[in-house]
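Numbered from 1 within each chain, the chains take letters A, B, ... in sequence-line order.
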Number of protein chains: 4
Amino acid sequence: MVTGTGASAGAGAGTGGGAGKQHRRGDTRQRIQDVALELFAEQGYEKTSLREIAERLDVTKAALYYHFKTKEDILTSIFEDLTRPIDELVEWGKDQPRTLEIKRTILTRYSEILTDASPLFRFMQENQATMRDLKTGETFKDRMLSLLDILREPDSPMTTQVRCFSALFTMHGGMFVLKDAEGDPEEKRKAILEVAIDLVTQAHEGA
Amino acid sequence: MVTGTGASAGAGAGTGGGAGKQHRRGDTRQRIQDVALELFAEQGYEKTSLREIAERLDVTKAALYYHFKTKEDILTSIFEDLTRPIDELVEWGKDQPRTLEIKRTILTRYSEILTDASPLFRFMQENQATMRDLKTGETFKDRMLSLLDILREPDSPMTTQVRCFSALFTMHGGMFVLKDAEGDPEEKRKAILEVAIDLVTQAHEGA
Amino acid sequence: MVTGTGASAGAGAGTGGGAGKQHRRGDTRQRIQDVALELFAEQGYEKTSLREIAERLDVTKAALYYHFKTKEDILTSIFEDLTRPIDELVEWGKDQPRTLEIKRTILTRYSEILTDASPLFRFMQENQATMRDLKTGETFKDRMLSLLDILREPDSPMTTQVRCFSALFTMHGGMFVLKDAEGDPEEKRKAILEVAIDLVTQAHEGA
Amino acid sequence: MVTGTGASAGAGAGTGGGAGKQHRRGDTRQRIQDVALELFAEQGYEKTSLREIAERLDVTKAALYYHFKTKEDILTSIFEDLTRPIDELVEWGKDQPRTLEIKRTILTRYSEILTDASPLFRFMQENQATMRDLKTGETFKDRMLSLLDILREPDSPMTTQVRCFSALFTMHGGMFVLKDAEGDPEEKRKAILEVAIDLVTQAHEGA
DNA sequence: AATGAATGAGGGTTCATTCAT
DNA sequence: TATGAATGAACCCTCATTCAT
């Protein structure tokens, strides 16, 4: 079974502990990533200026450039850390037999991943236009297509294939709705996962 | 039954068909909207500059300001024209009984609307971050929630509700995939619609 | 006989006439070029900032960008206007017989050109490092080599060839010295020209 | 007679010859100068950043500041080492009688100096704009004028004086042409020297 | 003898917007 | 119905430099 990562891209939580605003030495790079992701997710990539990020960290813009080569590089670095679990999942899934069991596992794991790094995925979903011409090639779309390829049977009827991709989209859309609707998030997450699994099950059998 | 609008998102072609209320020449305003939407959808709102739009139309930036008050105003005006059908659909749907028949009709009609104005919806989906703080209040999200309210039963179990919203998301995601996958677009659209209807049917009965 | 151009790249002289600092409408582009050349020649290309140019003209930096695409473009545009005479001279010379008479004419004309646009040539000489990677291809060097090709006989002994290129270098170096040495500039220019002609004459006969 | 210095402008080779006062290892200071000169000559002073120099040496920028006080200081230090021979030559020449023999010796020696430290002189020639406001006061120009004062007779006719300064300019221009023209460099150097001597001879006699 | 982290100043460039004509 | 000229604010980025370690 695949276990979670728990890579916290946590919002304001930050590095717990005693000293408040003190310069926690050495972790600037990480702090930049955290604040950047937070702002990118909140306002979008283009509308977030480096000035803003710097100000929030109480450093100068130039300091950002000590740690990252470009604005894009900040984003890319965040991705590298946070999308690794997906790559691993895809990698793992590619070599498994296409049983229903496996597909279920994949969806379950994917749901966890999405939850763990929800700000990032929220960002991806809301900034697709931006992502499209970001060297971080495999875009959102590409990654999803890889997963899709594991879930669906290549020669099944169209509706069957649509069901699989609908499962993925449902989970993504979930992120989006989970945030501000009422009700227990974890309960909602499970309901979403259930529907997704249901869709894939129908697809698996209906083929 | 609900009939189409035929809101053209086409380039210079304009609104063909019966009783055009637009004039042939001197339709700069319309041309601006067309080109703008095209570019907004292609590159995103922030990354499309007025200079670019003006250049493509072979007019000056200042000319755009004769027709629209601000950049945002261009976008807003496009929305007003192109999202009216949805508003009408919502308005109509609100007063109908929650029968399966009605829900089916709504989905069907929604599928047509999405297809008719696909560049706009592609734009909305890919620029949610931008949309969020655009005065055109009812964002993407709000509109979807209104539709959702018609499809779901307020007190049904969570999974049931998820199925409804999954139906909508599936259709939106469709836009996204229709573009570059192989196969006949119309056939795919129908498959997507079928799955969506299926989801809502399950929800309707499962409640 | 070849006559001068008189393209004034004149320092502060400016567009004569009544109104002092008034906005002489329409000539902004020209004024930018004038001030830019002045500053480029005085301080070097890299060390002259657009802010500086703008300030001196009492406009904003952005205004410069209305008239020119980039900083480099400002320089390029100056070149285009001011080096045309040289190109014409080269073009003309290429098809003439290699008589001493012709060579003399070329040097004489070249001397005039240099004098007419002396700030530009001073700039070129003092900013060769900069010029080297400026798209304005034919650099200083290339242009000189073209002229050199007209003056020298391809198969003559090395010393003879050196004499020709020495003639050109002498004239260029002249610019440089004319400025701040004592004595009547015109008299000095003539002396320089005489030595240059002398060198080429020796080369012509000595071959 | 004047003897050579052998000031190496070479890469890591260091000061060969007799009593080197430099240490082999820990010669970072020297390495900085070498790389800096190389880059300054190649790209110009302003366009060469300390980051670039540091990177090429595989040290940090801060390390440069251990060895030199400022960027300008790096350049200055290079000059001090490499232009000493000229100063010596000027010093020596000032007190000699103005015989043709002496003048010839001066030119010959100058030619050697130029060749020995050609990157430096290439740099000087191509970055005059920069040099002008570098505290290394005596600029290129000043040094040349000192030499000129030795070669020329103060009260001779203008053309005669021009010939002397033309001799110097010819040699400098040589550097410039020697690099990329075809033919044996040493042979060319000699031809250039010959022409220069010729000019000074004419001046000496024609006076 | 050198580094890691940061700064302040400034660079060139682009943008949405304005307004007299 | 448009344009030409310009602006102010902001942008990303780079630089020489500093200083505690």
Side-chain angles (χ1 to χ4, degrees), chain A residues 23 25-29 31-32 45-54 57-74, chain B residues 25-29 32 45-54 57-74, chain C residues 23 25-29 31-32 45-54 57-74, chain D residues 25-29 32 45-54 57-74:
Chain A
H23 273 353
R25 267 193 277 99
D27 60 349
T28 306
R29 199 188 136 95
R31 285 173 62 228
I32 293 174
Y45 177 76
E46 348 267 347
K47 273 188 322 221
T48 302
S49 72
L50 294 187
R51 181 180 49 67
E52 222 173 336
I53 298 177
L57 287 165
D58 216 41
V59 291
T60 47
K61 267 186 293 170
L64 305 184
Y65 280 90
Y66 176 75
H67 295 282
F68 299 93
K69 281 219 305 253
T70 65
K71 183 186 182 186
E72 188 174 334
D73 193 35
I74 298 183
Chain B
R25 212 201 42 268
D27 58 351
T28 309
R29 197 189 137 93
I32 293 174
Y45 177 76
E46 346 268 350
K47 276 188 320 220
T48 301
S49 70
L50 294 188
R51 181 179 48 66
E52 221 173 339
I53 297 176
L57 287 166
D58 220 39
V59 291
T60 41
K61 267 185 295 175
L64 305 184
Y65 280 88
Y66 177 79
H67 294 284
F68 299 94
K69 270 210 327 239
T70 66
K71 184 187 182 187
E72 189 175 333
D73 192 34
I74 299 183
Chain C
H23 273 355
R25 266 193 278 100
D27 61 350
T28 306
R29 199 189 137 94
R31 285 172 62 228
I32 293 173
Y45 178 76
E46 347 267 349
K47 274 188 322 222
T48 301
S49 70
L50 294 187
R51 181 181 49 69
E52 222 173 336
I53 298 177
L57 286 165
D58 215 42
V59 289
T60 48
K61 268 189 292 170
L64 305 184
Y65 279 90
Y66 177 76
H67 295 281
F68 299 94
K69 277 219 306 254
T70 64
K71 184 186 182 188
E72 187 174 335
D73 192 35
I74 298 182
Chain D
R25 214 201 44 267
D27 58 350
T28 310
R29 198 188 137 92
I32 293 173
Y45 177 75
E46 346 267 350
K47 274 188 321 222
T48 302
S49 69
L50 294 188
R51 180 178 50 66
E52 221 172 339
I53 298 177
L57 287 165
D58 219 38
V59 291
T60 39
K61 267 183 296 172
L64 305 184
Y65 280 89
Y66 177 80
H67 294 282
F68 300 94
K69 271 214 323 244
T70 66
K71 182 185 182 186
E72 189 174 334
D73 191 35
I74 298 182

How would you summarise protein contacts on nucleotides 11-17 of chain E per nucleotide, using B for base, S for sugar-phosphate only and - for none, with heavy-atom distances below 4.0 Å? SBBBBBB

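In terms of phosphate contacts, A/Thr28 brings no side-chain nitrogen or oxygen within less than 4.0 Å of OP1 or OP2 of E/dA5. Applying the 4.0 Å criterion to OP1 and OP2 of E/dA2, one finds that D/His67 has a side-chain N or O inside that range. Between C/Tyr66 and F/dA5 there is a side-chain N or O to OP1 or OP2 distance below 4.0 Å.
Distance C/Phe68 CZ to F/dA6 C1': 15 Å, rounded to the nearest Å. If you measure from atom CD1 of D/Ile32 to atom C1' of E/dA1, you get 11 Å, rounded to the nearest angstrom. Between the CG atom of B/Leu64 and the P atom of E/dC19 there is a distance of 17 Å, rounded to whole Å.
In this structure, CG on D/Leu64 lies 10.0 Å from OG1 on D/Thr28, to the nearest 0.5 angstrom. The OH atom of B/Tyr66 sits 11.0 Å away from the CD1 atom of B/Ile32 when rounded to the nearest 0.5 Å.
Between the side chain of C/Lys71 and the backbone N or O of C/Tyr45 there is at least one donor-acceptor pair closer than 3.5 Å. Without hydrogens or angle criteria, D/Lys61 side chain to D/Ile53 main chain gives no donor-acceptor distance under 3.5 Å.
The minimum heavy-atom distance linking A/Lys47 with A/Glu52 is given by the pair O-OE1, 3.8 Å. Closest heavy-atom contact between D/Tyr65 and D/Thr70: CE2-CA, 4.2 Å. Nearest heavy-atom pair, C/Ala54 versus C/Thr60, reported as atom, atom and distance to 0.1 Å: CB-C, 3.7 Å.
In this structure the side chain of A/Leu50 reaches within 4.5 angstrom of the side chain of A/Ile74, judged on heavy atoms.
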Dot-bracket encoding of pairs in DNA chain F, which uses [ ] for pseudoknotted crossings and | for another strand, Watson-Crick or G-U under 3.5 angstrom: .||||||||||||||||||||

